[in-house]
Amino acid sequence: MELSAAQRERYERNLLVEGFTDRMQQALIAARVAVVGAGGLGSAALNYLVAAGVGHLTLIENDTVSLSNLQRQVLYTTADMGRPKAEVAAMRLSRLNPGCDIRVVTDRLTAANAAGLLGGHDAVVDCTDNYDARYVIDDFCREAEVPMIYGTAEAVGGQVAVFHAGGAGGYRDLYPERAPQKPVVGVLSPIVGVIGSLQALETVKLLCGVGESLAGNLLVVDGRTMQVSKLEL
């Protein structure tokens with residue numbers, strides 16, 4: 001289907017990018033993306049995926065908004081405290097782009113429900129801060145051969161990678177053994193926006209076939225020194 005006049009106006013800046021075509025925008029509109037986690041990384045990734053034109057989104061998040069979230073989770077406001085993050089996020093994102101069909105899941109992702117929640121998507125974006133959930137995502141994406149867009153942020157740095165795409169390995173290949181989970185870690189608020197935005201960018205690139213994917217590489221961002229390293233996996 002051709003882009004409507006309203007779609008062409010909404011996505012004009014995408015379409016003005018050299019090499020970005022109507023077909024690529026149509027691919028984004030037709031795409032189905034699952035995002036696991038609507039916290040700091042998810043606040044950035046979700047906003048830009050919806051704004052860019054991803055047409056079908058499954059938002060998986062079982063937590064509620066707390067005061068300590070507001071330092072970095074910019075989808076929420078003080079008035080949202082105590083409310084389910086997934087529901088608040090979906091409402092805000094729908095206001096940003098009513099053309100995006102958003103499915104809200106307030107259950108915790110587990111090995112038992114992963115196939116039902118993640119099946120049928122073109123990509124899964126890992127915005128969790130939970131190692132168990134990350135391994136569940138990785139195992140599903142390996143079995144289903146679905147790209148996993150990984151991101152993590154801590155202190156003033158972070159990592160981004162694309163797993164299970166273009167012959168790339170997975171999270172278990174990078175971290176075969178589960179590390180001890182710290183209950184709370186420090187993170188300077190802007191770094192989650194940087195990493196989450198990079199995850200959104202890699203997802204958009206994969207979905208519409210523009211640019212060179214990070215698949216097979218690990219991007220390491222050091223916000224203290226502003227050094228960015230791209231390591232081959």
Side-chain angles (χ1 to χ4, degrees), residues 33-52 54 57-97 100 102 104-109 123-138 148-163 171 175 179-204 214 218-224 226 228:
V33 175
V35 178
V36 185
L41 297 175
S43 288
L46 286 162
N47 263 308
Y48 282 111
L49 289 172
V50 170
V54 170
L57 188 75
T58 298
L59 198 171
I60 304 170
E61 172 62 74
N62 70 309
D63 199 8
T64 57
V65 181
S66 64
L67 183 61
S68 63
N69 298 151
L70 302 179
Q71 166 258 10
R72 65 204 176 281
Q73 299 182 17
V74 295
L75 271 174
Y76 314 110
T77 70
T78 305
D80 297 320
M81 288 196 302
R83 299 177 62 192
K85 288 182 183 177
E87 294 178 4
V88 175
M91 179 187 67
R92 297 265 156 73
L93 295 167
S94 293
R95 290 175 180 173
L96 172 62
N97 188 347
C100 181
I102 302 176
V104 171
V105 177
T106 56
D107 296 329
R108 180 184 294 274
L109 180 73
V124 180
V125 186
D126 166 30
C127 293
T128 68
D129 58 2
N130 180 284
Y131 294 157
D132 290 337
R134 188 165 289 150
Y135 282 111
V136 168
I137 296 168
D138 184 60
M148 169 184 176
I149 297 84
Y150 156 75
T152 186
E154 185 173 330
V156 198
Q159 301 177 352
V160 182
V162 175
F163 298 130
Y171 182 73
Y175 297 109
Q181 181 88 51
K182 298 177 183 177
V184 180
V185 297
V187 59
L188 200 60
S189 52
I191 194 64
V192 298
V194 172
I195 300 300
S197 296
L198 288 172
Q199 288 181 274
L201 178 59
E202 284 301 305
T203 305
V204 168
L214 265 179
L218 178 69
L219 195 74
V220 180
V221 179
D222 184 342
R224 292 184 186 273
M226 296 309 293
V228 179

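Just so it is clear, the structure is predicted and the values come from calculations on it, not from any experiment. Throughout, residue positions are numbered sequentially from 1 according to the sequence presented. Computed over heavy atoms, backbone and side chain alike; hydrogens, waters and symmetry mates excluded.
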**Request:** Output the distance between atom CZ (Arg224) and atom CD1 (Ile191), rounded to the nearest 0.5 Å.
**Result:** 10.5 Å
**Prompt:** Going by heavy atoms in the side chains, are Val228 and Val220 under 4.5 Å from each other?
**Reply:** no
**Request:** For Thr78, check side chain to side chain contact (heavy atoms under 4.5 Å, CB included) against everything at least two apart and list the hits.
**Result:** Leu70, Met81
**Request:** Could you grab the distance from atom CG of Leu93 to atom CG of Leu49, nearest 0.5 Å is fine?
**Result:** 9.5 Å
**Prompt:** Would you say the side-chain atoms of Gln71 pair up with the backbone N or O of Val187, donor to acceptor, closer than 3.5 Å?
**Reply:** yes
**Prompt:** Do you know which two heavy atoms are closest between Cys100 and Leu57, and how far apart they sit?
**Reply:** SG-CB, 4.0 Å
**Asked** What is the minimum heavy-atom distance between Ile102 and Ser94, and which atoms define it?
**Response** CD1-OG, 3.7 Å
**Item:** Heavy-atom side-chain contact between Ser43 and Val192 under 4.5 Å
**Value:** no
**Prompt:** Measuring from Glu87:CD to Asp80:CG, what's the distance to the nearest 0.5 Å?
**Reply:** 11.5 Å
**Asked** Side chain of Asn47, backbone of Ala44: donor and acceptor closer than 3.5 Å?
**Response** no
**Message:** Using every non-hydrogen atom in the two residues, find where Ala38 and Tyr76 come nearest and quote the distance to one decimal.
**Reply:** O-OH, 2.6 Å
**Prompt:** Do Thr128 and Asn130 pass the side chain to side chain donor-acceptor pair (under 3.5 Å) test, and can you show the C-alpha distance, the side-chain angles, and the key distance before you say yes or no?
**Reply:** CA-CA 5 Å; Thr128 68; Asn130 180 284; over 6 Å; no
**Asked** Nearest heavy-atom pair of Ala86 and Thr106: which atoms, and what distance?
**Response** CB-CG2, 4.1 Å
**Request:** Please confirm whether the backbone N or O of Ser68 pairs with a side-chain atom of Arg72, one donor and one acceptor, at under 3.5 Å?
**Result:** yes
**Asked** Any chance the rings of Tyr175 and Tyr171 have centres within less than 6.0 Å?
**Response** yes
**Prompt:** Take atom CZ in Arg92; do more than 12 heavy atoms of anything else shown fall under 6.0 Å from it?
**Reply:** yes
**Request:** State which residue, out of Leu46, Val35, Val33, Val50, fulfils the side chain to side chain contact (heavy atoms under 4.5 Å, CB included) condition with Leu59.
**Result:** Leu46
Side-chain donor-acceptor pairs under 3.5 Å in residues 148-158, sequence neighbours left out?
{"unit_1": "Tyr150", "atom_1": "OH", "unit_2": "Gln159", "atom_2": "OE1", "d": "3.0"}

**Prompt:** How long is the gap from CD1 on Ile137 to CG on Asp132, to the nearest 0.5 Å?
**Reply:** 11.0 Å
**Request:** Determine whether Lys85 and Val88 make a side-chain contact, defined as any pair of heavy atoms from C-beta on separated by less than 4.5 Å.
**Result:** no
**Prompt:** Has the side chain of Gln199 got a donor or acceptor atom that lies under 3.5 Å from a matching backbone atom of Asp126?
**Reply:** yes
**Asked** Does Val125 reach the side chain of Val36, with side-chain heavy atoms less than 4.5 Å apart?
**Response** no
**Prompt:** Would you say the side chain of Asp107 lies within less than 4.5 Å of the side chain of Asn62, judging by non-hydrogen atoms?
**Reply:** no
**Prompt:** Just how far is it from atom CD of Glu61 to atom SG of Cys127, taken to the nearest 0.5 Å?
**Reply:** 10.0 Å
